[in-house]
Amino acid sequence: MKYPPIPPRRAASCGCGYLAAFVALIVITSLQIQHHHLKVDLGRSDYAAATATQQRSGGKGAAAARWNWNRRTGAEGLPRGIVQTSSDMFLRPLWDPAANRAIPKNKNDRHKALLAMAVGISQMQNVDVMARKFLNESYTVMLFHYDGNVDGWRSLEWSDKAIHIVAPNQTKWWFAKRFLHPSVVAIYDFIFLWDEDLGVENFDPRRYIDIMVSEGLEITQPALDPDLSTDIHHRITIRNKMTKVHRRVYDNRSSMNCSDDSKGPPCTGWVEGMAPVFSRAAWKCVWHLIQNDLIHGWGLDMKLGYCAQGDRAEKVGVIDSEYVVHQGIPSLGGPSDTSKLPRRSLDLRTHIRRQSSAELEKFKERWEKAVREDDEWMDPFDA
């Protein structure tokens, strides 16, 4: 029996060719995406390290490393030598290039500092004394005018050397969030974010900074003179005449129970919001902690230790040898002479305190919510 011949096998249809090409396209796209993520990750490392790694693979690798460095700054379209990644607060003349000689330097030529304060014209005399202390060391002074009055300061000989920023009825935390971004103040080693009602007769900013450096402190405040200060809220801020620096307070009251076993605020690792001083590294963290809409800053003091670049019980302290007087003058929102306060100003004070208390609760809620929702974050101080 003869069988019909087997027909020749047909070539694969062109549809299979299209499918193969489509699969290849997917693979190529996936590889490109992975390569893109690899370049982004490389951009997060230091430029020098990236350059060294890429140079070992040839000139093209070095060019890619430079592209990644510029990408980090948002300046990928620019040659590296023209990129300036930081700013400063030094005033420049409109004319006379000779006047634009050298950037001012402090006398010891080691550290740069910025004093920033929210001020009103009623406290001009006290602010004058404070500002001179810093300007005499060639430190920068920035004044946030919450009452809108800048012209009233022109009579002070140093007024033209200071930076003046105006916004009505805003606190120092509001100003700091908007005008003291870490990139803007990156040239400063220390940021003094102070209230305007501090007496500085026994305070020297240069010696203060030297103590911060020698003690390895990242967040501090000057101690308060207990005899002359009229507004002391926390015992840890009171000056200890026997020490240069203290980092904790001892209090056996049941409401406090502060001892050597205490690991956090308000017993240790804590400063008050009236006169904090931050290192550059600490300020990079603290700026992100400040909330845009919670302008009174209540609650921040309890969390500043998370920005201390290490153990807050060691990196946060109160400096006793350079101390101040807290005069406790409530000027923001009304006159400072409480004996002559009109009824409307008293009402404003009440509203401001209520708003501050409400912001404190909101801040606590946001912190707790953030902790719950961030699965990758671990509390470094959680026993």
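Just so we're clear, the structure is a prediction, and the values are computed from it rather than from any experiment.
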*Stepwise side-chain contact (heavy atoms from CB on, under 4.5 Å) test for M302 and F363*: CA-CA 11 Å; M302 299 297 287; F363 182 80; over 6 Å; no

*For the residue pair A116 and L180, what are the closest heavy atoms and their distance?*
CB-CD1, 4.0 Å

*asked:* Closer than 3.5 angstrom, by distance alone: can the side chain of D320 be matched with the main-chain N or O of N240 as a donor-acceptor pair?
replied: yes

*Angle class for the W367/W377 ring planes (parallel below 30°, perpendicular above 60°, tilted otherwise)?*
perpendicular

*Under a 4.5 Å side-chain heavy-atom rule over Ile, Leu, Val, Met, Phe, Trp and Tyr, are M130 and F190 clustered together?*
yes

*Quick one: does I295's side chain get under 4.5 Å of E359's, heavy atoms only?*
yes

*Got a donor-acceptor contact below 3.5 angstrom from the Q309 side chain to the C307 backbone?*
yes

*Over 60° means perpendicular and under 30° means parallel, so classify the ring planes of F175 and F144, tilted if in between.*
parallel

*Enter the distance from W270:CH2 to C258:SG here, rounded to the nearest 0.5 Å.*
10.5 Å

*asked:* A side-chain contact here means heavy atoms from C-beta on lying under 4.5 Å apart; do I165 and M142 qualify?
replied: yes

_CD1 on I163 to CZ on F90, rounded to 0.5 Å_ = 9.5 Å

*What closest approach, in Å, do A113 and I209 show between heavy atoms, and which atom pair accounts for it?*
CB-CD1, 3.7 Å

*Which distance, rounded to the nearest 0.5 Å, do you find between the OG1 of T171 and the OH of Y146?*
11.5 Å

*Heavy atoms, side chains only, cut-off 4.5 Å: are H246 and V318 in contact?*
yes

*State yes or no: do V271 and W298 share one hydrophobic cluster built from I, L, V, M, F, W and Y residues joined by side-chain heavy-atom distances below 4.5 Å, directly or via other members?*
no

_Rounded distance [0.5 Å steps], CZ in R132 versus CG in L156_ = 7.0 Å

*Quick one: does Y208's side chain have a donor or acceptor within less than 3.5 Å of a partner on Q221's backbone?*
yes

_side-chain contact (heavy atoms from CB on, under 4.5 Å) between K244 and E215, worked out_ = CA-CA 10 Å; K244 180 168 62 175; E215 293 285 335; 3.5 Å; yes

*So, for I236 and C267, which heavy atoms are closest and what is the spacing to 0.1 Å?*
CD1-O, 3.5 Å

*Can K369 and E365 be said to form a salt bridge (Lys or Arg N to Asp or Glu O under 4.0 Å), step by step?*
CA-CA 6 Å; K369 183 175 184 289; E365 292 172 1; over 6 Å; no

_Main-chain N/O of L114 paired to T140 side chain as donor or acceptor, under 3.5 Å_ = no

*Check whether any side-chain heavy atom of E218 sits under 4.5 Å from a side-chain heavy atom of S279, and report yes or no.*
yes

*So which heavy atom on F381 is nearest to which on D311, and how close?*
CE2-CA, 4.3 Å

*Is there a donor-acceptor pair under 3.5 Å between the side chain of R312 and the backbone N or O of Y306?*
no

_Angle between ring planes, F203 versus F192, binned at 30° and 60°: parallel, tilted or perpendicular?_
perpendicular

_Membership question, hydrophobic clusters at under 4.5 Å side-chain separation (ILVMFWY): are V129 and V324 in the same one?_
yes

*Is the backbone of V200 close enough, under 3.5 Å, to the side chain of K133 for a donor and an acceptor to pair up by distance?*
yes

*Do L289 and L300 touch side chain to side chain, with heavy atoms closer than 4.5 Å?*
yes

*Would you sort out whether D210 and R110 count as a salt bridge (Lys or Arg N to Asp or Glu O under 4.0 Å), showing the intermediate values?*
CA-CA 10 Å; D210 288 343; R110 284 187 293 172; 3.3 Å; yes

*Given side chains that start at C-beta, do those of K364 and K303 come closer than 4.5 Å, heavy atoms only?*
no

_Looking at every non-hydrogen atom in both residues, tell me the closest pair between A275 and W194 and how far apart they are._
O-NE1, 3.2 Å

*Any sub-3.5 Å donor-acceptor pair from K161's side-chain atoms to V141's backbone N or O?*
no

*asked:* Strictly distance-based, threshold 3.5 Å: is any side-chain N or O of R248 a donor or acceptor partner for the main-chain N or O of S259?
replied: yes

*Give the cluster check for V184 versus L193: same hydrophobic cluster or not, with ILVMFWY residues linked at side-chain heavy-atom distances below 4.5 Å.*
yes

_Run the side-chain contact (heavy atoms from CB on, under 4.5 Å) test on N292 and R178 for me, step by step, so that the C-alpha distance in whole Å, both residues' side-chain angles and the decisive distance to 0.1 Å come before the verdict._
CA-CA 9 Å; N292 280 316; R178 286 146 184 87; 4.0 Å; yes

*Quick one: OG1 on T243 to CZ on R247, what's the gap to the nearest 0.5 Å?*
10.0 Å

*asked:* Using modelled atom types and a 3.5 Å cut-off, is there a donor and acceptor pairing between side-chain atoms of R235 and backbone atoms of V249?
replied: no

*Looking at V83 and T85, what are the two nearest heavy atoms and their distance?*
CG1-CG2, 3.8 Å

*Is it true that Y188 and Y139 have ring centroids separated by less than 6.0 Å?*
no

*Determine whether more than 12 heavy atoms belonging to other residues, nucleotides or ligands lie under 6.0 Å from atom CZ of R353.*
no

*From NE2 (H296) to CG (L360), nearest 0.5 Å*: 12.0 Å

*Would you indicate whether K362, at its atom NZ, is surrounded by more than 12 heavy atoms from other residues, nucleotides or ligands within a distance under 6.0 Å?*
no

*Would you kindly confirm whether V166 and V127 end up in one hydrophobic cluster when ILVMFWY residues are joined by side chain heavy atoms under 4.5 Å apart?*
no

*Taking the side chain from S86 and the backbone from I187, do they hold a donor-acceptor pair closer than 3.5 Å?*
no

*Tell me, do V245 and I211 make a side-chain contact under 4.5 Å, heavy atoms counted?*
yes

